[in-house]
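Below is one structure; the comments refer to it alone.
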Amino acid sequence: MFNVPNPQVSSSTDGKASPSLHSTSRASSPSSQLVSGLPNSEYIIFERTTTGFSEEITTRGKTAQLKLEAYYKQAVDSAIERNNRRIELERRLLSNNDVLTQERKHRLLAELGRKESQYLRLRRTKICVYDFSTVKVIGKGAFGEVRLVQKTDTGKIYAMKVLKKDEMLKREQLAHVRAERDVLAESASPWVVQLFFSFQDNFHLYLVMEYLPGGDLMSMLIKYDVFSEDVTRFYMAECALAIEAVHKMGFIHRDIKPDNILIDKHGHVKLSDFGLSTGFHKQHDGAYYERLCASVEASKIRSTKPQRNSVMVNSINITMTKEQITTWKANRRKLAYSTVGTPDYIAPEIFAQQGYGKECDWWSLGSIMFECLVGYPPFCAETVQETYQKIIQWNHYLIFPEDVHLSVESELLIRSLLTSAEKRYQIDQIKGHEFFSGVDWDVLRQVQPPFVPRLRSIVDTSYFPTEDIDQPIQGDIMPPPGLGGAAGESDPQRDLAFLGYTFRRFNETSNAF
Ligand SMILES: Nc1ncnc2c1ncn2[C@@H]1O[C@H](COP(=O)(O)OP(=O)(O)OP(=O)(O)O)[C@@H](O)[C@H]1O
């Protein structure tokens, strides 16, 4: 790894070469590095080998290397972001050259400079869970819970997602949790929930997001059962634009479902829960984390993915009886809270594990549209295995019930989405579909939504099923039993797996209450 010129460190005091130290000519192995500018014979090279070093030293060396890399990556990234903000402002000043006075331009540039210094100072102050007090637990998911919290120094209200590190490690969710942090941190889109901070302690990961007080589409569907075509049109059109925004950022959501479609204080839609989304960054590659955590025992426990050739239930009801649908609805929330989750909206190509693209999100939209109009998702079944089976053989199981009246356009759009990936409609075809005729796509976020939450205060949680969720006795977030305070004891291997997770938004107060 390091290259040292001969003769200063060419041998140890007893005259013998160190384990990985030897002189060589330039034609060395590709895994060696050379100091440029020296004659070939002058090189002494430490090869990238760990032979002769104890496991402990090797691990410590690797840890230090990864930490340094993460540190410098973050420093370089934030310098690039700072530079981009400056370029963006200069571009805006130039395009408004005629309207802005010289003095105003100087003031705007100075203001940006001040904000940058303030941001740098803020980044240096460590943020932790004790900076927030819990108002209520408002949501649950497979790997954690979501709390309504207040930041004690500013009084601002946020939604805080708390994830257990050990659970993420055990279930190989590292790449997923990193993907979620990245999507939320990179996005400035009005269609994606804003992330203000992400941080960690020894046991938990925390995502501090804007609080969307209108609840989620799952709760609305539980409450209203079905929507009219007009109401469905509004939500499907907004969801289509939200999915398009995620795709434009280079991500595929993969897990679009009513639970992840949140309603803001004006009644507009935002997407959340990017745990399964895949971007194009190295860190989203599951194998990358697997290598990092090779020695972490827990990471070897396999997640329960449906196997391609697993034996499935033989006889599956093509249509569900009324009683079965009622039971499914009664268990809907429980399913959302379980670690298995609901597969109802997942595209068949994802189960087939033969590769997939962004089309999979349009399948999910089709399933949600079906549910909005019919009252239950198209491949709803009594067990998760039956749902998998129905989705894989969707052409046998996609049935429009006779007792529900759907317009021709809505049925056709659903059929254009719930079809094979190659035939499935994409954003332009969706926008141009007759079902959406009359929708003004450019101003959708400015129109009055069909439902606007009526809020009594900034901490109103009436649109969340808080009475169905166990509330903590003390508001604190606790470590696993027997391990002291929330921060607990450090574990170098575990710490390594979550390197670079911490984030602080530049405009951290812009959308918070
Ligand atoms: N920013 C937010 N504002 C308000 N409520 C939220 C917010 N984020 C999440 N929630 C609520 O918490 C619930 C669970 O959140 P989320 O789906 O992100 O958790 P998860 O653990 O990732 O779930 P999953 O099992 O889908 O992976 C949501 O359905 C929603 O009701």
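In what follows, every heavy atom counts, from backbone to side chain, and hydrogens, waters and symmetry copies are set aside. Numbering of ligands and ligand atoms starts at 1, following listing order.
- Residues forming a side chain to side chain donor-acceptor pair (under 3.5 Å) with Arg333 (at least two apart in sequence, or on another chain): Ser219.
- Phe436 and Trp441 have their aromatic ring centers within a separation under 6.0 angstrom.
- Taking every non-hydrogen atom of Val193 and a distance limit under 4.0 Å, the qualifying atoms of ligand 1 come out as 1 (N).
- For ligand 1, the atoms sitting less than 4.0 Å from at least one non-hydrogen atom of Asn260 are 17 (O), 26 (O), numbered in the order shown with element in parentheses.
- Phe464 counts as a contact of ligand 1, since one of its heavy atoms falls under 4.0 Å from the ligand.
- Shown in contact with Ile138 at under 4.0 Å from a heavy atom are these atoms of ligand 1, numbered in order with element: 4 (C), 5 (N).
- At a heavy-atom distance under 4.0 Å, no atom of Leu163 approaches ligand 1.
- Residues Met369 and Thr232 approach most closely at CG-CG2, 4.1 Å, considering heavy atoms.
- Between Leu212 and ligand 1, at least one N/O pair is under 3.5 Å apart.
- Within the 4.0 Å heavy-atom shell around ligand 1 one finds Lys257.
- How far NZ of Lys248 is from OG of Ser189: 9.5 Å, rounded to the nearest 0.5 Å.
- Electrostatic pairing of Lys161 and Glu145 does not count as a salt bridge here, judged by no charged N lying under 4.0 Å from a carboxylate O.
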Requested in this report: Mind running salt bridge (Lys or Arg N to Asp or Glu O under 4.0 Å) on Lys329 and Asp225 for me, showing each step along the way?
Outcome: CA-CA 9 Å; Lys329 283 188 181 176; Asp225 227 15; 2.4 Å; yes
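- Heavy atoms of Lys140 come nearer than 4.0 angstrom to ligand 1 in at least one pair.
- Centroid-to-centroid, the aromatic rings of Phe197 and Tyr158 come within less than 6.0 Å.
- Residue contact check: Ala159 has heavy atoms under 4.0 Å from atoms 1 (N), 2 (C), 3 (N) of ligand 1.
- For an aromatic pair to be called close, the ring centres must be under 6.0 Å apart, and Tyr345 with Trp362 fails this.
- Remark: ligand 1 atoms within the under-4.0 Å shell around heavy atoms of Glu210 are 1 (N), 2 (C), 3 (N).
- Any N or O atom pair closer than 3.5 Å counts here, and Tyr211 shares no such pair with ligand 1.
- Atoms of ligand 1 found under 4.0 Å from any heavy atom of Gly139 (numbered from 1 in listed order, with element): 12 (O), 13 (C).
- Of all the atoms in ligand 1, the ones that sit under 4.0 Å from a non-hydrogen atom of Asp259 are 28 (C), 29 (O).
- Taking the ring centroids of Phe379 and Tyr397, they lie at or beyond the 6.0 Å cut-off.
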